[in-house]
Amino acid sequence: MSSKRHILTAVAWPYANGPRHIGHVSGFGVPSDVFARFQRMSGNHVLMVSGTDEHGTPIQVLADQEGVTARRLADRYNRIIAEDLVALGLSYDLFTRTTTANHYAVVQELFTGLYNNGYIFTKTTKGAISPSTGRTLPDRYVEGTCPICGYDGARGDQCDNCGNQLDPVDLIDPRSKINGETPEFVDTEHFMLDLPAFTEILGTWLKSKAGQWRPNVLKFSLNLLDDLQPRAISRDLDWGVPIPIEGWSEQANKRLYVWFDAVVGYLSAAIEWAQRSGDPEAWRRWWQAEDAESYYFMGKDNIVFHAEIWPAMLLGYNGKGDRGGRPGTLGELNLPTEVVSSEFLTMEGRKFSSSRRVVIYVRDFLQRYSADALRYYIIAAGPETQDTDFTWAEFVRRNNDELVAAWGNLVNRSISMAAKNIGAIPEAGELTDEDRRVLDASKAAFDVVGGHIDRSRFKAGLQEAMRTVAEANKYISDQAPWALKKTDPERMRTVLHVALQLVDDAKTLLTPFLPASSNKVYAMLGGTGVWSAMPRLEEVTDSIGGEEGTSTYPVITGDYADSEARWESIPIRPGTPLEPPTPLFAKLDPSVVDEELARLEEAAG
RNA sequence: GGGCCGGUAGCUCAGCUGGUCAGAGCAGGGGACUCAUAAUCCCUGGGUCGCGGGUUCGAGCCCCGCCCGGCCUACCA
C-alpha cells in the first residue's frame with residue numbers, strides 16, 4: 001500500500017425519474033464514498049465519477065403524464081438528486097448527467113467502435129408500438145390476459161399469476177398500461193449487441209476474479225454466461241442518444257437504448273472531468289494505464305449491466321471478442337477491477353416502493369437528521385452482503401447508543417476535561433505499560449480498518465473503528481483522570497494526553513464513514529485547514545441544453561486534494577488551546593420512532 | 001417457469017476455503033463510577049443455527065428435497 005495507486009471509483013447512475021430514497025444511496029452512494037475517502041487518505045489517486053441517468057421510456061412516460069418535456073423533467077430531478085448527494089457528503093470528483101454533448105459524443109464513439117469491429121448488427125423484430133405516439137411500448141408496459149392461465153393482469157414480459165414468461169404478441173386483448181390504447185405490433189429494425197461473441201472471453205475474465213470479488217456477484221455473473229443472447233441496444237423512442245449511423249441518425253424516432261448509454265457514463269464522465277480539470281488527457285491515467293484499478297458500486301439489480309454488458313462493450317471496443325477487431329480511436333480501455341454489489345434495504349419489513357409510498361427520501365431524511373447519522377446507519381446496518389431491514393427503532397438506537405453515547409460522548413468527556421483543567425492539549429509525562437498498550441492498539445487499528453475498507457468490507461471496518469472508541473472509553477474509565485486531579489495532577493495530564501491521542505486517532509479512523517463530524521473533531525483539537533474536504537455544487541454550462549432545458553446544470557465536484565486527512569495516527573500537539581466542546585451529534589427522543597411510523601402510515605395510506 | 005441470494009438468541013445482524021462456530025450489539029438483571037448529551041466501565045445469555053433426509057471420524061458452514069422471503073429474467077439502486 002506504499003506506492004500510489006490510480007483508483008477509478010465508478011458509482012451507479014441514479015435514474016432521474018424522481019428523488020432517490022435511502023435504499024438507493026445505501027446501495028451505491030455511501031459505500032462508494034467510504035471507499036473513495038479512504039483511498040484518498042491513503043495517498044492514492046482517486047477519480048470518483050457518476051451522474052444522473054436521464055434517458056429512456058420511464059422518464060418519457062412520466063413527462064408525458066405531467067405535460068412537460070422529458071428534458072425538463074430530467075432537469076428537475078437531476079438537480080434534486082445532485083443536491084441530495086452533496087448533502088450526504090458524497091465526494092464525487094464529477095457527478096454529471098447523461099444529457100451532455102460530451103456524453104453523447106462518447107456514447108456514439110463506443111457504438112461506432114463496436115460497430116466497426118462487427119459486434120453490432122441489425123435485426124427486424126416485432127415490437128409493440130403505441131399508435132398515438134409511435135414509440136416503442138416496452139414489454140412491461142403492455143398488459144392483457146394471460147394466454148396460459150387466463151389471468152387478466154398479465155404483463156407483456158411475464159404473468160404475475162402463473163409466473164410464465166410471455167411474449168406481448170401472445171397476450172389476449174393487449175392494452176397499453178400507459179393510456180389503455182391497443183398497441184400495434186409492427187416490424188421494427190433494431191441494432192443488437194452480439195453478446196454471444198463475448199461468452200468465452202468474459203468467462204476467462206470472470207474466472208480470473210475468483211477470490212477477489214464477492215462470491216455472489218461472481219457466481220451470478222458466471223451463470224449468466226450459459227445463455228447469452230444478442231441484446232437490442234436501440235429503441236423506437238425520440239428521447240435518447242442518436243444512433244451514429246447514416247440513415248439512422250436522421251430518424252427522430254430511433255435512439256440508443258438507455259442502458260447502452262448509461263454505462264458509458266463512467267467513461268464519458270471521466271473524460272468530462274479531465275476537460276474541466278484543464279488536462280483533457282488526464283482521464284487516460286485511470287482508463288488505460290496498465291496498473292490502474294476500477295471499482296464499480298451498485299445495488300444487486302445492476303450486476304448484469306456491470307459484470308456482463310459493460311465489460312462486453314469494452315471488450316468489443318477493444319477488439320477482443322470472437323470477431324477480433326482493433327481498439328477504437330480512444331484506444332484500449334480497462335475492464336472493471338471489481339464489481340462491488342450491495343443487496344437491498346427493506347423498510348420496516350416491506351419493500352421500498354415509491355409508487356406505494358413505502359419510502360423515505362434522502363431529502364426528507366436529511367431535513368430531520370444528520371448526514372453522518374444516516375451514513376453511520378447505512379454502513380453499520382446496511383445491506384452489504386445480504387438484504388437488511390431499516391427500522392426507525394434501530395436507527396434511533398444506533399444513533400443514541402453508538403454515535404452519541406459511545407463516540408460523541410468520548411469526544412465530549414475527554415476534550416471538556418482537558419479544556420476545563422488545562423485549557424490546552426497537555427504534555428505526556430512518563431507512559432505506563434497500559435498507556436503504551438492502548439496507544440499501540442490504536443495505531444494498529446489503521447491497518448485493520450484500512451484492510452477491511454480496501455476489500456470493500458465496510459461493515460467490518462466500521463466495527464473495528466468503533467472498537468477503538470470502546471477501548472478509549474474503557475481507558476478513561478479505568479484511569480479515572482478526574483480522581484487524579486488532587487492526588488497526582490502530573491499523571492492526570494498524561495492520561496488526558498493519551499485520551500486525546502486516542503480520540504484523534506478514532507476521528508481519523510472514522511473519517512471515511514463520518515466525514516462531517518470528523519471535521520468537527522479535527523477543529524476541536526485545534527486542527528487548521530480542511531481535514532476531509534466536502535463536495536460542492538457548481539453550475540456549469542453545456543451546449544446541449546438548448547431552449548428546451550436549462551443551459552446550465554449543477555455538477556458535484558470538490559477540492560479533495562487539499563484535505564489534510566491522512567490514514568495514520570498523527571501525533572497531537574501539546575499546548576494547542578482547547579475550548580469546551582459542543583456536542584457532536586444530536587440525541588434523538590425515542591418518540592421520533594412513533595412519529596416517523598405515523599408519517600409512513602399516513603403516506604402509504 | 002429458470003437463475004441467484006438469504007432464513008443463526010426477544011430484536012438487528014457476524015460467522016473466510018467443514019473440526020473452541022454456537023457469536024456481537026441492543027433489550028432484560030446485578031454491580032462500579034461521576035469527567036461527559038443520566039453518558040461510561042465491569043459481570044450476567046444456553047438459541048432444534050427454516051424443515052426433512054444424506055455425505056463425513058466430525059456440518060449453520062458440503063449434497064438432495066421441501067417451506068418462506070428477496071433480487072434478476074431486455075429499462076425502479
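Computed from a predicted model, the values in this text were never measured in an experiment. In what follows, chains are A, B, ... by sequence order, proteins preceding strands, each numbered from 1.
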Quick check on B:C35: is either OP1 or OP2 less than 4.0 Å from any side-chain nitrogen or oxygen of A:Lys485? no

So, A:Phe390 versus A:His21, ring centres under 6.0 angstrom or not? no

Which part of the nucleic acid does A:Ile303 contact within heavy-atom distance under 4.0 Å: base, sugar-phosphate only, or nothing? nothing

Answer yes or no: does a side-chain N or O of A:Lys420 lie under 4.0 Å from OP1 or OP2 of B:A36? yes

Across the strands shown, which category fits A:Val404 at heavy-atom distances under 4.0 angstrom: base, sugar-phosphate, nothing? base

Review item, nucleotides 7-13 of chain B N/O atoms under 3.5 Å of protein N/O:
residue	atom	partner	partner atom	Å
B:C13	OP1	A:Asp389	N	2.5

Within the structure shown, what part of the strands sits under 4.0 Å from A:Phe344 by heavy-atom distance: base, sugar-phosphate, or nothing? base

Pick base, sugar-phosphate or nothing for A:Pro230, based on heavy-atom distances below 4.0 Å to the nucleic acid. base

So, applying salt bridge (charged side-chain N to carboxylate O under 4.0 Å, His left out) with A:Glu343, which one of A:Lys300, A:Lys459, A:Arg214 is it? A:Lys300

On the nucleotide B:U40, are OP1 or OP2 found under 4.0 Å from the side-chain N or O atoms that A:Asn409 carries? no

A:Arg20 side chain, from C-beta outward: closest of B:C4, B:C76, B:C35: B:C76

Base, sugar-phosphate alone, or nothing: which one does A:Arg231 contact when heavy atoms must sit under 4.0 Å apart? base

Would you mind classifying the nucleic acid contact of A:Thr57 as base, sugar-phosphate or nothing, using non-hydrogen atoms under 4.0 angstrom? base

Under 4.0 Å, counting only non-hydrogen atoms across every strand here, what does A:Pro583 touch: a base, just sugar-phosphate, or nothing? base

Within the structure shown, what part of the strands sits under 4.0 Å from A:Tyr257 by heavy-atom distance: base, sugar-phosphate, or nothing? base

Could you check whether A:Glu402 gets within reach of a base, just the sugar-phosphate, or nothing at all, counting any heavy atom under 4.0 Å? sugar-phosphate

Conformer about C1'-N of B:G60 - syn within 90° of 0, anti elsewhere: syn

Can you tell me how far OG1 of A:Thr9 sits from OH of A:Tyr92, rounded to the nearest 0.5 angstrom? 10.5 Å

Select base, sugar-phosphate, or nothing to describe what A:Pro481 touches, counting heavy atoms under 4.0 Å on all strands. nothing

Under 4.0 angstrom, heavy atoms only, what part of the nucleic acid is A:Lys474 near: base, sugar-phosphate, or nothing? sugar-phosphate

